[in-house]
Amino acid sequence: MVLNIAAYHFVAIDDPRALADALHARAEAAGLLGTLLVAPEGLNLFLAGVPAALRGFLDQVRTDPRFATLLVKESFSETLPFARLKAKVKPEIITFRHDGTAPVGRERAPAVSPQALARWLDQGHDDAGKPVVLLDTRNEEEFGHGSFAGALTLPITDFTELPDALAPHREALAEATVVSFCTGGVRCEKAALWMHDTGMTNVLQLEGGILGYFEQVGGRHYDGACFVFDQRVALKPDLSPVASAD
């Protein structure tokens with residue numbers, strides 16, 4: 001059985017190239033495949049391998065105080081969903097092109113846990129009685145595989161297009177509690193900070209994204225599968241690949 005992990009962590013990194021090279025060497029020694037993405041604002045990991053080797057790699061990463069609280073989403077597959085191991089250095093761990101939207105040197109955007117969100121959706125409102133609107137920050141290809149029931153989806157092909165696509169909806173969302181969500185949390189975190197900075201203070205991010213919700217809640221209030229960035233293509237709410245059950 002192959003362990004697959006997705007993880008991100010926002011923290012200031014002075015020398016992204018040196019860290020990327022060091023992580024690549026460790027991952028290669030552990031026989032891992034996937035992508036290591038490092039930027040001045042943090043780290044984004046999509047890796048797969050033998051469970052003991054991958055967990056040992058993560059234990060090593062967490063010995064660095066910058067990554068001691070690194071949170072990881074796990075799933076399993078029969079085969080390795082990556083063809084090779086890559087380490088990339090980029091300006092952002094997910095390209096958005098809006099300054100200050102990473103929680104580095106500032107507070108995170110407020111978040112809601114998967115369990116609390118499921119409870120709100122069960123009861124039809126948040127704990128203050130306000131309607132809840134789920135905002136999908138992913139692109140059309142991704143939400144084509146599935147999304148939360150009734151979620152607001154935007155006609156975008158790239159995350160950088162989200163601000164313009166959201167503009168016509170901002171006024172209608174003013175009286176609701178808006179919960180931004182994405183695959184693993186990084187895009188909805190950036191989007192939530194940007195929305196707060198531009199006057200939408202009624203926005204929360206879904207802690208851990210869809211994969212975190214699947215881990216803790218399952219598929220309640222979710223229709224379909226969650227697109228992932230590897231050869232599995234999409235995961236069901238039980239975190240198994242869609243194709244494996246067919």
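These values consider heavy atoms only, across backbone and side chains, with no hydrogens, waters or symmetry-generated copies.
Each of Y213, F181, F214 was checked for a ring-ring contact (aromatic ring centres under 6.0 Å, His included) with Y222, and the lone residue meeting it is F214.
Sorted by first then second residue, the salt bridge (charged side-chain N to carboxylate O under 4.0 Å, His left out) pairs that include residues 140-160, not counting sequence neighbours, are E142-R187. For residues 77-90, no residue pair satisfies the salt bridge (charged side-chain N to carboxylate O under 4.0 Å, His left out) rule, not counting sequence neighbours.
L32 places none of its side-chain heavy atoms less than 4.5 Å from the side chain of V50. Residues V11 and I13 meet the side-chain proximity criterion, which asks for heavy atoms closer than 4.5 Å. Between L47 and L85 there is a side-chain heavy-atom pair separated by less than 4.5 Å. L3 has its side chain within reach of F76: a pair of non-hydrogen atoms, C-beta onward, lies under 4.5 Å apart. With contacts defined as side-chain heavy-atom distances shorter than 4.5 Å, the pair K190/L193 does not qualify. Side-chain contact between N4 and P81: present, with at least one pair of heavy atoms (C-beta onward) separated by less than 4.5 Å. Counting heavy atoms from C-beta outward, V132 and V179 have side chains that approach closer than 4.5 Å. Side-chain contact check for Q216 versus Q115: some heavy-atom pair is nearer than 4.5 Å.
The environment of CG in D59 is crowded: more than 12 heavy-atom neighbours from other residues, nucleotides or ligands sit within 6.0 Å.
Residues V228 and F148 fall within the same hydrophobic cluster, defined by Ile, Leu, Val, Met, Phe, Trp and Tyr side chains chained together at heavy-atom separations under 4.5 Å. Grouping the Ile, Leu, Val, Met, Phe, Trp and Tyr side chains by contacts below 4.5 angstrom, directly or via other members, places I156 with V178. Linking Ile, Leu, Val, Met, Phe, Trp and Tyr residues whenever their side-chain heavy atoms come within less than 4.5 Å places F67 and V38 in a single cluster. Both L58 and M1 belong to a common hydrophobic cluster when Ile, Leu, Val, Met, Phe, Trp and Tyr are linked at side-chain heavy-atom distances under 4.5 angstrom. Following chains of ILVMFWY side-chain contacts shorter than 4.5 Å, one can reach L37 starting from F96, so the two form part of one hydrophobic cluster.
The minimum heavy-atom distance between E41 and I94, with the atom names listed, is OE2-N, 4.1 Å. Minimum heavy-atom separation, P40 to P16: N-CG, 3.8 Å. Taking each heavy atom of N202 and A176 in turn, the nearest pair found is ND2-O, 2.7 Å. Looking at every heavy atom in both residues, V217 comes nearest to A118 through CG1-CB, 3.8 Å. Residues L117 and L206 share a closest heavy-atom pair of CD2-CD1, 3.8 Å. T183 and C226 get closest at one heavy-atom pair: CG2-SG, 3.9 Å.
A salt bridge between E92 and R97 is absent, with no side-chain N of the basic residue lying under 4.0 Å from a carboxylate O of the acidic one. One finds a salt bridge joining E74 and R55 here, because a Lys/Arg side-chain nitrogen approaches an Asp/Glu carboxylate oxygen to under 4.0 Å. The pair K73-E215 does not meet the salt-bridge criterion, since no charged nitrogen lies less than 4.0 angstrom from a carboxylate oxygen. Checked for salt-bridge contact, D21 and R17 meet the test: a charged N lies under 4.0 Å from a carboxylate O.
H98 and D197 share no side-chain donor-acceptor pair at under 3.5 Å. For the residue pair D126/T177, the side-chain donor-acceptor check at 3.5 Å is satisfied. Side-chain contact check for S147 and D136: at least one donor-acceptor pair (N or O, by modelled atom type) lies under 3.5 Å. At a cut-off of 3.5 Å, with distance as the only test, a side-chain donor of R232 or S75 sits close to an acceptor on the other residue.
A cation-pi geometry, defined here as NZ or CZ lying under 6.0 Å from the six-membered ring centre and within 45° of its normal, holds between R170 and W194.
Although no hydrogens or angles enter the test, the distance criterion places a donor-acceptor pair under 3.5 Å between the side chain of H9 and the main chain of R66. At distances below 3.5 Å, not a single donor-acceptor pair connects side-chain atoms of E107 with backbone N or O atoms of P103. A distance-only check finds no donor-acceptor pair linking the side chain of Q205 to the backbone of E207 [under 3.5 Å].
Residues passing the side-chain contact (heavy atoms from CB on, under 4.5 Å) test with R26, sequence neighbours excluded: F57, Q60.
Note that CD1 of I93 is 5.0 Å distant from CG of N44, once rounded to the nearest 0.5 Å. The line from CE of M195 to CG of L166 is 6.0 Å long, rounded to the nearest 0.5 Å. Atoms CD1 and CG, from I5 and L211 in turn, are 11.0 Å apart once rounded to the nearest 0.5 Å. Atoms CG and CG, on L36 and L43 in that order, are 7.5 Å from each other to the nearest 0.5 Å. Within the model, atoms CZ of F143 and OG1 of T137 stand 11.0 Å from one another, a figure rounded to the nearest 0.5 Å. The distance from atom OH of Y8 to atom CG of L45, rounded to the nearest 0.5 Å, is 12.5 Å.
The aromatic rings of F229 and F227 sit perpendicular, their planes meeting at an angle over 60°, well past the 30° parallel limit.
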Can you list the steps and then say if F10 with E189 is a side chain to side chain contact (heavy atoms under 4.5 Å, CB included)? CA-CA 10 Å; F10 283 112; E189 179 144 8; 4.0 Å; yes
As a quick check of understanding, evaluate side chain to side chain contact (heavy atoms under 4.5 Å, CB included) for R138 and L154, giving each step before the final call. CA-CA 8 Å; R138 303 171 303 156; L154 302 173; over 6 Å; no
Hey, mind stepping through H221 and W120 against side chain to side chain contact (heavy atoms under 4.5 Å, CB included) and telling me if it holds? CA-CA 11 Å; H221 302 290; W120 290 355; over 6 Å; no
Criterion side chain to side chain contact (heavy atoms under 4.5 Å, CB included) on R220 and L121, from CA distance to verdict: CA-CA 9 Å; R220 202 155 93 239; L121 296 175; over 6 Å; no
